[in-house]
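What follows is a set of notes on a single structure, which appears directly below.
To find a chain, count down the sequence lines: A is the first, B the second, and so on, and within it residues start at 1.
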There are 2 protein chains.
Amino acid sequence: MNAELLKGHLDLLLLAIIAERPAHGYAIIACLRERSAGAFDLPEGTVYPALHRLERAGLLQSRWAPGAGRSRRIYEITALGAEAMQERRATWGAFARGVQAVLGGAL
Amino acid sequence: MNAELLKGHLDLLLLAIIAERPAHGYAIIACLRERSAGAFDLPEGTVYPALHRLERAGLLQSRWAPGAGRSRRIYEITALGAEAMQERRATWGAFARGVQAVLGGAL
DNA sequence: TCGCTCTACCTAGTATTGCTATGTATGAAC
DNA sequence: GTTCATACATAGCAATACTAGGTAGAGCGA
């Protein structure tokens, strides 16, 4: 999967996963890989900065939790984040319909 | 429509439109706006550089044609471009399915 | 014990790419 | 003769995903 394709859409994916259930970064990466059947196999350098960005924006909040090995940072969605996710879902729908409309016309 | 969403997907849209029928930049912009029902109302500073990039990459070729007013630069797709378009269509499909799979799991 | 692997986190720097702003040019309309 | 629509172009900006590298704990096999 090309690098640029994801731009602007990553936030929605992260918000959607975390909205369903609070999770830590590594688990989110695994979840994305599994759900997309390998299509989204994102490097850590992509996901961690994005999570930090979303937290700074107030869409997520995090807490540290001790784990079996190293401590984990658990992210959960905020009220603001839930709102933003709904907006981004709608935007994704409009975007995908737009692309289909352009491609469909070119069949 | 947010700026970043389009990243990486613009090439496919341009290739698809030009593959259907050779066209000049301004007409492509109008076509995108119409087909997407206003969702893709792209500024010229987005489209022209993208067309130049695609031509440099050998996916498009252009010729100047005199028009009613100012001369137009007509782009058409190359064999390489047609191949690239098929690939990018498939990639778009995989991407869209991937997003749906992630979002669907979070319903 | 040493190295390897898996989990788990982090960040500096890079590259790509779409957008803003601005400029040029033609012709029609008012 | 100014404005508008058509039509092209580019320099600089901003956003963001990725590369590459680092830290750290725990288990496993030679």
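Contact check for A:V102 versus B:L12: no side-chain heavy atoms found under the 4.5 Å cut-off.
Protein atom CG of B:L54 is 9 Å distant from nucleotide atom P of C:dG18, rounded to whole Å. Rounded to whole Å, atom C1' of D:dT16 lies 12 Å from atom CZ of A:R56. Rounding to whole angstrom units, CG of residue B:L10 and P of C:dT16 are separated by 16 Å. Taking atom CZ of A:F40 as the reference point, atom C1' of D:dC18 lies 16 Å away to the nearest angstrom. Between the NE2 atom of A:H9 and the P atom of D:dA17 there is a distance of 10 Å, given to the nearest Å. Put simply, CG on A:L32 is 12 Å from P on D:dA17, counting in whole angstrom units. The separation between A:L51 atom CG and C:dC10 atom P is 8 Å, rounded to whole Å. Taking atom CZ of residue B:R33 and atom P of nucleotide D:dA5, one finds them 11 Å apart after rounding to whole Å.
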Anything under 3.5 Å between a protein N or O and an N or O of nucleotides 6-9 of chain D, put it in a table, one pair a line.
{"from": "D:dA7", "atom 1": "OP1", "to": "B:R72", "atom 2": "NE", "distance (Å)": "2.6"}
{"from": "D:dA7", "atom 1": "OP1", "to": "B:R72", "atom 2": "NH2", "distance (Å)": "2.0"}
{"from": "D:dA7", "atom 1": "OP2", "to": "B:H24", "atom 2": "NE2", "distance (Å)": "3.4"}
{"from": "D:dA7", "atom 1": "N3", "to": "B:R70", "atom 2": "NH1", "distance (Å)": "3.0"}
{"from": "D:dC8", "atom 1": "OP1", "to": "B:R73", "atom 2": "N", "distance (Å)": "2.9"}
{"from": "D:dC8", "atom 1": "OP2", "to": "B:G25", "atom 2": "N", "distance (Å)": "3.3"}
{"from": "D:dC8", "atom 1": "OP2", "to": "B:Y26", "atom 2": "N", "distance (Å)": "2.7"}
{"from": "D:dC8", "atom 1": "OP2", "to": "B:Y48", "atom 2": "OH", "distance (Å)": "2.8"}
{"from": "D:dC8", "atom 1": "O5'", "to": "B:Y48", "atom 2": "OH", "distance (Å)": "3.4"}
{"from": "D:dC8", "atom 1": "O2", "to": "B:R70", "atom 2": "NH1", "distance (Å)": "3.4"}
{"from": "D:dC8", "atom 1": "N4", "to": "B:E44", "atom 2": "OE1", "distance (Å)": "2.3"}
{"from": "D:dA9", "atom 1": "OP1", "to": "B:R73", "atom 2": "NH1", "distance (Å)": "2.3"}
{"from": "D:dA9", "atom 1": "OP2", "to": "B:H52", "atom 2": "NE2", "distance (Å)": "3.0"}

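You'll find that the side chain of A:E4 is closest to C:dT17, out of C:dG18, D:dA17, C:dT17.
Grouping the Ile, Leu, Val, Met, Phe, Trp and Tyr side chains by contacts below 4.5 angstrom, directly or via other members, places A:V99 with B:L5. Under a hydrophobic clustering in which Ile, Leu, Val, Met, Phe, Trp and Tyr are joined whenever their side-chain heavy atoms come within less than 4.5 Å, directly or via other members, A:V47 and A:L6 fall into the same cluster.
Relative ring orientation between B:F95 and A:W92 is described as perpendicular, the plane-to-plane angle rising above 60° on a 0-90° scale split at 30° and 60°.
Without hydrogens or angle criteria, A:S71 side chain to A:W64 main chain gives no donor-acceptor distance under 3.5 Å. Judged by distance alone, the side chain of A:T78 and the main-chain N or O of A:G58 form a donor-acceptor pair under 3.5 Å.
For the atom pair B:L14 CG and B:L59 CG, the distance stands at 11.0 Å (nearest 0.5 Å).
Residue-to-nucleotide contacts include a donor-acceptor pair under 3.5 Å from the side chain of A:K7 to the base of C:dT16.
The side chain of B:R53 places an N or O atom within less than 4.0 Å of a non-bridging phosphate oxygen (OP1 or OP2) of C:dG18.
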